[in-house]
Amino acid sequence: MKKLWGSRFEKSTSKLADQFSFSISYDKRLAKYDVLGSMAHAAMLGKRGIIDKKDAAKIVSGLKTIGAKIEKGTFRFDAKAEDIHTNIQTELKKLIGPAADKLHTARSRNDQIALDVKMYCLAELTEILDLTVGLQKSVLKFAEKNVDVIIPAYTHLQAAQVVVLAHHMLAYVEMLERDKGRLMDSFMRTDAMPLGSCALSGTSLPTDRNFVAKQLGFLQVTRNSIDSVSDRDFLVETLSALAMMGMHFSRMAEDFIIWSTSEFNFINIDWSLCTGSSIMPHKKNPDILELVRGETGTLYNNLNRVLVLVKGLPLTYNRDLQLDKPPLFESVDKVKLILQLLTNLFETLKVKRDILTKRIQDESFFTVDLMEYLIKKGVSYRDAHDTIGKMVKDCLDKGQKISGLSKQELKKYSEKFEMDALKLLNAETSVRIKKSFGSTSPELVKEQIKGWKKALGA
Ligand code: ARG
């Protein structure tokens, strides 16, 4: 296929050079945005009298035809085209003839690719935001369905204290809310229209960049033509937000992987998200969650790829920048899939209430509550810690339950103890007496659920 730049070249590029440099195999994903951008550009050229109005109309209508084919999936991408810009330009010429040659007036592929990728990012960020809200809603629904369930919570993966399951679930909702904030941040800074910056310096032709921005729904135009064709911050920011989401996905996945083991046995992951073993017939493996955890590496890697790619590039455009797209596309695709899979997970997840009820009988979960009992009676934190520490050690040594201690035995540890201290030794009380804002008290958690439902329109 004829190159957009071939006229001053003494010979054509080698087959290997083409094979190495062509981007059509992946930037064809930008086709829709390339067409929309060109339509707005052509309309502007006509309106400003830079090209003939009739030619502009011809271009727009030709692009419309191409756009419809792309939308329907019937557009035939040409592997011999250098990139998506060349492919569409050539197709347009076939369709409308010489008028097509006027489309590339007052622009370059440098600002064109920046525009295409920005439009792609804006559309995908919007979709990812929607999917994230969907996931938050399904977490919330799961939390509400199991609002009376109490679970052990861990530090260092050692059993620590009991919490309301819904409280743990709302931690995920918080994480996802911050993820949305980062996506929106990224959206906001991406939302500036670069087309019309041309190769790097702008143009002497009387263009109207604001018109193009308005047509394409951008909030503003970029202010500096050099920055416009060089900047890939917006893409790095998106990849960074997606990498952080991956970090959260993998932590959620890990919680559920652990909880689904026969050792923990707190939950049942739906069959539809597990696979079996080819040799051990009894196995039900949480492969999907393991892959969610694993793909986090991909998301980090893609961020790193573009950071390294852009580092040290001299202003302005350099062809290296072409390589920003495969990692971007991959991360966007992965995150969208994971968001849907995790939504399915929460919709189908079952809690093993009987097992949890048994597990939270362990009195060592309530040692902090006993400490606070003494603190409320004027004992210092340090002394309370020592006292309860001794008590726990003795009980463990003797294989005795704390709740089985007599009044005299209790008094031996601290004069401040009365028998009512033993009423603290159960999970329901332990969560109920928490008071601080943000704590696991069921009342406070229910309030939080209410707030989230309102905020998410659930
Ligand atoms: N395929 C190129 C990219 O993705 C498009 C811009 C090419 N510009 C150039 N001057 N060679 O970045």
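Both ligands and their constituent atoms are indexed starting at 1 by order of listing.
Polar contact with ligand 1: absent for Arg232 (N/O pair, distance under 3.5 Å). Residue His85 places no N or O, backbone or side chain, under 3.5 Å from any N or O of ligand 1.
Looking only at protein heavy atoms, the nearest one to atom 7 (C) of ligand 1 is Tyr317 OH, 3.5 Å. Nearest to atom 1 (N) of ligand 1 among the protein's heavy atoms is Gln322 OE1, 2.8 Å. Taking atom 10 (N) of ligand 1 as the reference point, the nearest protein heavy-atom neighbour is Asn110 OD1, 3.0 Å. When only non-hydrogen protein atoms are considered, atom 11 (N) of ligand 1 lies nearest to Arg109 NH2, 3.7 Å.
Electrostatic pairing of Lys435 and Glu443 does not count as a salt bridge here, judged by no charged N lying under 4.0 Å from a carboxylate O.
Heavy-atom contacts of Lys325 reach the following atoms of ligand 1: 3 (C), 4 (O), 12 (O) (cutoff under 4.0 Å). Annotation for ligand 1: atoms under 4.0 Å from non-hydrogen atoms of Ser23 are 1 (N).
The line from CG of Leu135 to CG of Leu339 is 6.0 Å long, rounded to the nearest 0.5 Å.
Thr222 has its side chain within reach of Ser197: a pair of non-hydrogen atoms, C-beta onward, lies under 4.5 Å apart.
Ring pair Tyr33/Tyr120 is perpendicular by interplanar angle, where above 60° counts as perpendicular and below 30° as parallel.
Geometrically, Lys141 does not engage Phe346 in a cation-pi contact, judged by NZ or CZ lying under 6.0 Å from the ring centre and within 45° of the ring axis.
The neighbour count for Arg251 CZ, taken as heavy atoms of other residues, nucleotides or ligands under 6.0 Å away, does not exceed 12.
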